[in-house]
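Naming convention: chains lettered A, B, ... in sequence-line order (proteins, then strands); numbering from 1 in each chain. If you're wondering where the values come from, they're calculated on a predicted model, not measured in any experiment.
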Amino acid sequence: MYRTHTCGELRIQNVNETVTLSGWVQKARDLGGMTFVDLRDRYGITQFVFNMETDADLCDKARKLGREYVVAITGKVAERESKNSKIPTGEVEIIAEKLEILSKSAVPPFTIEDETDGGDELRMKYRYLDLRRNCVRENLVIRHKMGIEVRNYLDQKDFIETETPVLIKSTPEGARDFIVPSRMNPGEFYALPQSPQVFKQLLMISGFDRYYQIVKCFRDEDLRADRQPEFTQIDCEMSFVEQEDILNTFEGLTKHLFKKLKNVEMDFDFPRMSYADAMKYYGSDKPDIRFEMKFVDLSEIARGNDFKVFDEAEYIGAICAEGCANYTRKQLDKLTDFVKKPQIGAKGLVYVKYNEDGSFKSSVDKFYSAEDLAKWAEACNAKPGDLILVLVGDKAATQTQLCELRLEMGERLGLRDKNKFSPMWVVDFPLLEWDEDSQRFHAMHHPFTSPKKEDFHLLDTDPGAVRANAYDLVINGVEIGGGSIRIHDTDQQKQMFRHLGFTDEEAKEQFGFLMDAFQYGAPPHGGIAFGFDRLASLFAGLETIRDVIAFPKNNSGRDVMIDSPSAVADDQLLELNLDFRQKPE
RNA sequence: GGUCCGGUAGUUCAGUUGGUUAGAAUACAUGCCUGUCACGCAUGGGGUCGCGAGUUCGAGUCUCGUCCGGACCGCCA
């Protein structure tokens with residue numbers, strides 16, 4: 001028998017029991033006459049004692065144990081002479097009687113402990129060792145519990161979990177597809193799904209009524225801390241529902257998960273904000289509303305003082321940083337550098353200090369009197385001691401820049417507390433988005449999203465103004481999920497494809513099966529998908545989704561542990577009828 | 001495709017203005033040590049300074065290129 005107990009469960013009540021434990025050697029402390037061995041498994045750490053006087057051979061064997069050896073040790077539980085209050089098993093130790101080495105270990109490239117000395121690169125290369133560390137494993141346990149609770153909630157709401165295929169068809173809309181060559185159909189390719197979108201809609205037509213799936217999705221785009229080429233979604237669809245039904249159902253799921261995983265009671269309705277307001281007040285469709293610091297539009301009141309930069313700007317936007325009037329020149333210069341970074345791209349930063357004594361000091365004193373600045377302060381709802389920061393320029397770009405500045409100030413002021421959770425719904429997204437590159441409209445969400453009834457008449461005259469029945473769940477500035485009420489009518493879907501620049505033939509070729517299906521009684525339906533990894537990283541208090549994924553890919557989309565992707569043998573290529581084409585220089 | 005940061009012992013890092021034999025901590029090995037739990041003490045081994053070129057009497061240090069890792073922009077319906 002390898003074990004009678006785990007390494008985390010023995011207590012003072014077990015004294016005098018003879019037990020066998022198996023695990024990894026955390027550390028052997030050789031004191032000469034006696035040796036202590038800490039044995040670790042997933043459940044905890046237990047100390048064993050070997051004594052030269054009792055059994056010299058056994059003790060000698062123990063002192064030679066290296067880190068991460070896998071051993072089984074039998075002995076009698078005893079109360080410790082000197083207890084360790086830091087670990088749950090610290091009141092007892094096991095007087096070893098038998099030691100079996102099950103597996104030796106090379107010296108690990110980094111120490112397996114919470115505060116490891118290993119860097120990220122090394123940890124990824126030896127991910128199987130990294131996963132032995134408590135803090136990493138605990139993140140995956142959170143993920144596991146999330147899966148259970150998602151299933152509990154949705155099952156209780158009569159959702160049916162249904163698997164959809166992984167080898168599907170490539171479509172031109174949306175992200176780049178991963179493609180898979182078909183051996184049996186030379187010259188043809190499958191694509192991996194970016195989402196099970198059309199399948200879940202077909203399941204609604206099949207009368208499943210409520211579907212969900214915790215499912216891998218694939219997008220061949222560049223990676224980020226919160227983006228992996230393969231990621232997991234909680235994908236859902238419901239029939240005979242309006243937007244309100246979906247929002248309520250999934251607000252419920254969110255609350256359920258917060259209660260179960262964080263013991264956070266969210267006994268309030270999630271605030272809702274239109275896309276237009278989100279852009280106007282936060283410069284983002286995923287605002288972090290853990291703190292206010294809303295944008296104030298100074299375009300009207302700040303023009304007309306012969307300050308060319310302002311007079312010529314399409315938009316003058318300000319935020320008010322509470323209590324920052326005492327910022328030094330150096331701090332302000334740093335902020336200026338921040339907004340001028342190429343990634344942000346502002347030309348400069350105007351500041352107005354509203355000093356404690358009621359006076360003003362600004363970088364535009366040459367153009368604006370104290371009275372002018374007082375008007376700004378009033379518009380910004382600023383108090384003495386506050387700092388007003390102003391960016392100007394093209395409206396959309398400036399709002400984006402101001403958004404970055406706002407988040408930076410929120411960070412500096414400690415307003416982005418990771419233990420605070422501020423969920424919200426962003427609603428009324430535009431249906432279409434103009435794309436300069438292809439000179440046509442693209443679906444902002446996806447081409448199956450339905451337009452709002454009251455905006456439908458604008459579709460031909462002013463497509464950009466049409467709002468969609470689309471919504472996003474945003475928590476702490478992270479897009480956690482999004483969805484829409486779908487089109488369930490062949491003609492409307494055809495019309496939509498036309499607006500997206502598809503010919504009827506192309507639409508038929510790509511999505512003919514869906515439009516065919518619409519002819520056989522499609523119920524009104526809609527759905528949502530949550531980013532499972534992002535939600536897990538939020539619950540785990542992490543910035544990156546990598547640490548809630550057992551075997552993630554690196555920045556370049558590589559798995560450095562198994563070293564993929566990799567070349568394949570010529571035989572394989574031949575079998576698949578594949579040859580390489582060189583990109584033109 | 002682009003911007004920025006990094007690469008020195010197994011590991012985490014320091015390394016001054018370009019100048020003697022490239023250091024520290026930790027890990028590892030050996031020896032001593034009977035109450036440790038970050039055990040302690042002593043001794044020892046361990047380096048293609050990512051790679052390549054250039055400047056120089058002399059390069060870990062400066063320049064260019066390249067590879068690798070990370071953050072971000074573009075991209076991500």
Side-chain angles (χ1 to χ4, degrees), chain A residues 26-40 45-54 59 63-64 66-68 78 80-87 89-90 93 95 106-126 129 171-177 194-195 197-198 217-229 231 337-338 340-345 397 400-401 404 429-433 435-438 441-449 468 470 479 482-484 496 500 529 531 543-544 546 554-556 558 560 583:
Chain A
Q26 180 70 36
K27 184 107 208 221
R29 286 180 297 278
D30 176 7
L31 271 63
M34 64 196 308
T35 290
F36 296 99
V37 173
D38 289 338
L39 199 65
R40 183 197 73 237
I45 284 192
T46 300
Q47 176 171 281
F48 288 79
V49 197
F50 295 79
N51 200 310
M52 271 320 239
E53 277 178 11
T54 329
C59 190
R63 74 199 330 176
K64 287 194 184 107
R67 277 175 199 276
E68 303 305 316
R80 284 204 200 183
E81 224 169 88
S82 48
K83 297 182 178 173
N84 183 350
S85 58
K86 286 182 208 153
I87 55 172
T89 62
E93 63 193 359
I95 314 296
V107 177
F110 54 89
T111 46
I112 314 294
E113 58 196 7
D114 289 355
E115 298 296 325
T116 184
D117 55 3
D120 286 349
E121 200 177 339
L122 206 62
R123 288 176 44 212
M124 286 306 155
K125 184 166 179 192
Y126 299 94
L129 296 180
T171 54
E173 284 285 296
R176 199 176 286 118
D177 284 320
Q194 299 173 28
S195 92
Q197 183 60 34
V198 289
C217 300
F218 306 86
R219 291 177 192 175
D220 186 8
E221 298 292 348
D222 285 10
L223 293 84
R224 291 286 187 279
D226 63 348
R227 260 163 45 189
Q228 287 269 306
F231 60 100
D337 289 345
F338 173 81
K340 283 168 92 173
K341 279 198 300 191
Q343 282 89 340
I344 295 180
T400 308
Q401 293 158 4
E404 295 295 333
F429 277 84
L431 182 69
L432 302 165
E433 204 174 21
D435 181 65
E436 283 297 331
D437 287 344
S438 56
F441 280 102
H442 280 230
M444 192 153 184
H445 186 53
H446 57 50
F448 317 109
T449 301
E479 184 193 330
S484 63
M496 185 68 192
L500 294 172
E543 300 291 319
T544 158
R546 282 185 201 156
N554 77 4
N555 231 6
S556 325
R558 300 197 66 86
V560 294
K583 248 192 206 165

In 5'-to-3' order, the base (B), backbone-only (S) or no-contact (-) status of each nucleotide in nucleotides 24-29 of chain B, using a 4.0 angstrom heavy-atom cut-off, is ---SS-

To the nearest angstrom, the CD-P distance between A/Glu81 and B/U36 comes to 9 Å

Classify the nucleic acid contact of A/Glu433 as base, sugar-phosphate or nothing, counting any heavy atom under 4.0 Å across all strands shown.
nothing

B/G58 -> Watson-Crick or G-U wobble partner, both distances under 3.5 Å, gives none

note: A/Arg123, atom CZ; B/U12, atom C1'; distance rounded to Å ~ 14 Å

Mate of B/A24 across any strand shown (Watson-Crick or G-U wobble, both atom pairs under 3.5 Å) is B/U12

Q. Base, sugar-phosphate, or nothing for A/Lys341, non-hydrogen atoms under 4.0 angstrom?
A. nothing

A/Ile344 CD1 to B/C4 P, in whole Å, measures 15 Å

Within the 4.0 Å heavy-atom criterion, would you say A/Gln47 contacts the bases, only the backbone, or no part of the nucleic acid?
base

Rounded to whole Å, the CG-C1' distance (A/Asp222 to B/G69) equals 16 Å

Separation of B/G74 atom P from A/Gln343 atom CD, nearest Å, is 10 Å

Taken to the nearest whole Å, CG/A/Leu223 to C1'/B/C75 is 11 Å

Residues passing the ring pair (Phe, Tyr, Trp, His ring centres under 6.0 Å) test with A/Phe448, sequence neighbours excluded, are A/His446, A/Phe511

Regarding the side chain of A/Phe36, the nearest nucleotide among B/A71, B/G69, B/U36 is B/U36

Mind checking the P distance from B/G15 to B/C62? Whole angstroms is fine. 12 Å

Nucleotide by nucleotide, nucleotides 40-47 of chain B touches protein heavy atoms under 4.0 Å in the pattern (B base, S sugar-phosphate only, - none) --------

Does A/Asn554 reach a base, just sugar-phosphate, or nothing at all? Heavy atoms under 4.0 Å. sugar-phosphate

The ring pair (Phe, Tyr, Trp, His ring centres under 6.0 Å) partners of A/Phe441 (sequence neighbours excluded) come to A/Trp434

Applying the 3.5 Å cut-off to both distances, the Watson-Crick or G-U partner of B/C4 turns out to be B/G70

B/G35 to B/G46 separation - P atoms, rounded to the nearest Å:
35 Å

Q) Do the side-chain N or O atoms of A/Arg546 get closer than 4.0 angstrom to the phosphate oxygens (OP1, OP2) of B/G70? A) yes

Taken in chain and number order and not counting sequence neighbours, the residues that satisfy ring pair (Phe, Tyr, Trp, His ring centres under 6.0 Å) with A/Phe218 are none

Of A/Asn51 and A/Gln197, the one whose closest nucleotide on RNA chain B sits nearer the 5' end is A/Asn51

To the nearest angstrom, the NE2-P distance between A/His446 and B/C76 comes to 15 Å

5'-most contact on RNA chain B (nearest-nucleotide basis), A/Asp435 vs A/Glu93, goes to A/Glu93

Pairing partner of B/A38, by Watson-Crick or G-U wobble and under 3.5 Å for both distances, is none

A/Asp120 atom CG is separated from B/G7 atom C1', nearest whole Å, by 14 Å

task: Kindly say if A/Arg29 contacts the phosphate of B/C39, meaning a side-chain N or O under 4.0 Å from OP1 or OP2.
output: yes

Residues passing the side-chain hydrogen bond (donor to acceptor under 3.5 Å, both in side chains) test with A/Arg558, sequence neighbours excluded, are A/Asp563

Can you say whether a donor on the side chain of A/Arg227 sits under 3.5 Å from an acceptor on the base of B/C76, or the other way round? yes

Winner on side-chain proximity to A/Asn84, out of B/C37, B/G69, B/C76, is B/C37

Checking N1-N3 plus N6-O4 or O6-N4 for Watson-Crick, or N1-O2 and O6-N3 for wobble, each under 3.5 Å, the partner of B/A29 is B/U43

